[in-house]
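Below is one structure, written out as structure tokens; the observations come after it.
If you read the sequence from its start, that first residue is 1, and numbering goes on from there.
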Amino acid sequence: MKYQIISALRQVTNRLTQVPGERLLLTVSALLSLLFLTSFLVTLATTHASATNGIPIPTRSATPDGMTPNQTVAKSEAVADVVSKALAFKALLSSTQQATLEQAYTTTLAGRWSNLPNQLCGGCRNGLQFSTLSATQLAAALEVIKAAAGTTANEGSAEFEQIRLSDTYLNANGGGSSYGEGNYFIAFLGTPSTSGAWLLQFGGHHYAANIAYNQGHVVGATPQHEAVEPLSFTSNGTTYSPVTQERDAMAAMLASLDATQLASAKSSSTFSDCVMIPGSSTGGPSNFPTAKIGLAVSTLSSTQKQLVLGAMKPWVQDADDTVAANLLNIYQSELDSTYIAWTGSGTAGNASTFLNANTNYVRIDGPSVWIEFACQGGIVIRNQIHYHTVWRDRNRDYGKDLSLTTSLDAPLVTAASGASFAAGALAPEAIGSLFGSGMASSSASATTSLPTTLAGVQVQVKDANGTTRNAPLFYVSPLQINFQVPADTAAGNATINVVLNNSLVGSGSLTIASVLPGLFSFSQSGSGLAAAYITRDKGNNVRVDEQIASYNASTNTYTTIPIDLGEPTDQVYLIAFGTGFRYRSALSLATATIGGASATVSYAGPQGSFVGLDQANILIPRNLAGSGNVNVVFSADGKTANTVTIQIK
């Protein structure tokens, strides 16, 4: 038998017979709920139906909010490909060229990038200038860039090439020799390898990329600068507008704001260029503005929030595809702590009225992400504006001078509550699920205790204080892992890594909060019939436990049993199981409604027998008799759990 079931049977003999205002543990008549939850915790929401000693585990087809199955495909070969092509390019060079291309990493050299043509900034770039390379050498250099950048249409290396072409257009239309696609550079700060730390730099006027690698993984994709003049141009019969998608995404975000929101987001300052361009190597956020300005994204609707995330994508998708997916996942988890600000003129609902004149400006500033878009007057093409932009990351610029080891290119994993399946946030000691691919070599369940290594798999949670802990594991499989958030995990933004046989196979982010309640349901979907039972208090220390569901072995389903509220003197308590609310600050801050009616919560805390399992005892109002299917809404410390249901006779 599974370890949790054995534990449950032992605990039954130790039942507490406390008054309903205290915790009510389980009796033999409540065993169906317990056994259901036992198997549920071990192989929670697995993608295949199975059974544990006759206790059915239904298939769950739902996925966490905002996630699709197999969202990310592992690209373990990506960095090796970049390194291979970098070394192949280097092998084509003379010793003098190699000495210019590759230099030891220093913070001073890392900060050598600019928004100016090289001739106008006093030779402000590292590495080899494209115009000095032979055709074969240049082709090899561009292969390095293609391997390192993303593949989204008109992003990544394609956008880099389009911006180079815009410089050639400037050269031919009055800009002179300061401009041209040959005035771009490539540099290695450190020796390219799959074990050491190094930085790939490439760029020139209107483009700068800084991609940091350590231990064979991408650890930073910023700073990145991209700009364009003119806004649109034609080369060899093809018309390009390489930064239009960035402008359009920002304008769509601003146009989604109503007049009041636009006024709140508008900055009183005027910006003639991006604040964080060019930038020195900081190893951290010390050079970023400390005060956030504008409108809090937490005040926006879900549709508006998605437009904020969408406004980030044209920059982030310049990075390697898996890196981009992971960073967008991090930035999405931080949306409620992100701000947007703008200057200029514009009308709510009309995207064409934004970002179309000199000094128009917009900023997205989060715990990690920093993106600026600025409009300037034309420098060479005087009769129009041109765009300057920068994407930076407060926590990952230059890989914090190559000191970071948290991978950005591991396959994306999504953390979700094991009860509600809401993605992105968990509480300390809560039960969670990870969804991804290739996370384990086979399926395995805990048998005698909850280990921190199961079938070669470890789940490592690095909290906001920088402390990494191994999570206790219920179950591991290639597509899903069920775990408990380690005790003492600090509140704030956390990184979660999946390690298989000492190799990183998945990475993601989540927010840790002291209380984030979720309720289990019999459907294992976070909705539908509550995973619960009732305790009927008939007075004189007489209490009877009753099921609210029965199992049908032939259909592998649970059938609802209507709750009879009984005699007028009966007090019927719903004993609901969940996770994430054991650290609620006060019982008075644990509240519930049933069928819209206020219901007294007499206990909310640890269930006492199972790792990570919490319990809420909720008195069902007697005036709900005959109401049929009703919603159960439970909150703790102002955080509302997923809605589940019961049926009242």
Side-chain angles (χ1 to χ4, degrees), residues 64-67 71 150 152 155 221-222 224 226 243-267 271 274-276 288-289 291-319 323-344 346-355 360-375 387 389-396 412 414 422-425 493 508-511:
D65 296 343
M67 180 192 170
Q71 187 171 13
T152 301
E155 303 293 355
T222 56
Q224 179 184 285
E226 59 187 37
V243 187
T244 296
Q245 62 269 28
E246 283 80 356
R247 181 265 168 202
D248 289 350
M250 284 292 198
M253 176 189 74
L254 293 175
S256 75
L257 305 180
D258 62 30
T260 300
Q261 291 170 324
L262 282 172
S264 297
K266 196 164 189 178
S267 171
F271 300 94
C274 300
V275 173
M276 294 299 293
F288 288 87
K292 297 191 185 301
I293 62 173
L295 179 67
V297 175
S298 60
T299 65
L300 303 182
S301 70
S302 58
T303 299
Q304 290 171 320
K305 289 179 180 180
Q306 287 306 304
L307 287 170
V308 175
L309 187 68
M312 303 176 193
K313 286 183 178 179
W315 283 271
V316 181
Q317 287 176 336
D318 286 332
V323 173
N326 287 340
L327 283 170
L328 285 170
N329 186 57
I330 293 169
Y331 296 165
Q332 182 174 24
S333 73
E334 297 173 349
L335 276 178
D336 282 346
S337 300
T338 299
Y339 285 73
I340 56 177
W342 71 292
T343 64
T347 303
N350 188 346
S352 66
T353 61
F354 294 92
L355 301 176
N360 285 187
Y361 171 90
V362 62
R363 174 190 302 179
I364 301 175
D365 181 10
S368 296
V369 69
W370 174 282
I371 295 175
E372 296 177 89
F373 187 107
C375 297
Y387 302 145
T389 80
V390 68
W391 165 36
R392 302 193 68 166
D393 191 303
R394 288 177 177 269
N395 300 313
R396 300 168 186 87
L412 178 67
T414 298
N493 296 319
S509 63
L510 71 158
T511 300

* Asked: Stepwise, does the side-chain contact (heavy atoms from CB on, under 4.5 Å) test hold for L300 with L257?
  -> CA-CA 8 Å; L300 303 182; L257 305 180; 3.8 Å; yes

Who pairs with [X] by side-chain hydrogen bond (donor to acceptor under 3.5 Å, both in side chains), at least two apart in sequence or on another chain?
| X | answer |
| --- | --- |
| S301 | Q304 |
| W315 | T389 |
| S352 | N350 |
| E372 | Y361, W370 |

Could you list the residues that satisfy side chain to side chain contact (heavy atoms under 4.5 Å, CB included) with [X], not counting sequence neighbours?
| X | value |
| --- | --- |
| N360 | L355, N356, A357, C375 |
| A341 | I293 |
| D248 | T244 |
| A296 | S298, T299, Y339 |

Rounded to the nearest 0.5 Å, how far does [atom2] of [Y] lie from [atom1] of [X]?
| X | Y | atom1 | atom2 | answer |
| --- | --- | --- | --- | --- |
| T347 | L254 | OG1 | CG | 11.5 Å |
| T343 | R363 | OG1 | CZ | 9.5 Å |
| N493 | S509 | CG | OG | 7.5 Å |
| Q245 | M250 | CD | CE | 12.5 Å |
| I340 | I364 | CD1 | CD1 | 7.5 Å |
| Q261 | L295 | CD | CG | 6.0 Å |

Could you tell me if the side chain of [Y] sits less than 4.5 Å from the side chain of [X], heavy atoms only?
| X | Y | result |
| --- | --- | --- |
| Y387 | E246 | no |
| F373 | V390 | no |
| T303 | S256 | no |
| T260 | L262 | no |

* To do: Output all residues satisfying salt bridge (charged side-chain N to carboxylate O under 4.0 Å, His left out) with D365, sequence neighbours left out; order by chain, then residue number.
  =>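 By the salt bridge (charged side-chain N to carboxylate O under 4.0 Å, His left out) rule, D365 matches K292, R394.
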
* Residues forming a ring-ring contact (aromatic ring centres under 6.0 Å, His included) with W342, sequence neighbours excluded ->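 Per chain and number, W342 pairs via ring-ring contact (aromatic ring centres under 6.0 Å, His included) with F354.
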
Check residues 305-314 and write down every donor-acceptor pair under 3.5 Å in which the side-chain atom is one partner and the other belongs to a residue at least two apart or another chain.
unit_1	atom_1	unit_2	atom_2	d
K305	NZ	D336	OD1	2.8

Does any N or O in the side chain of [X] come within less than 3.5 Å of the main-chain N or O of [Y], such that one atom is a donor and the other an acceptor?
| X | Y | value |
| --- | --- | --- |
| T338 | V297 | no |
| N395 | P367 | yes |
| E334 | S368 | yes |

* Begin with the C-alpha distance, continue with both residues' side-chain angles, and end with the deciding distance and a verdict on side-chain contact (heavy atoms from CB on, under 4.5 Å) for L327 and N329. => CA-CA 5 Å; L327 283 170; N329 186 57; over 6 Å; no

* Can a donor-acceptor pair be found between the side chains of N326 and Y331 at a distance below 3.5 Å? ->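 There is no such pair (donor and acceptor under 3.5 Å, judged by atom type) between the side chains of N326 and Y331.
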
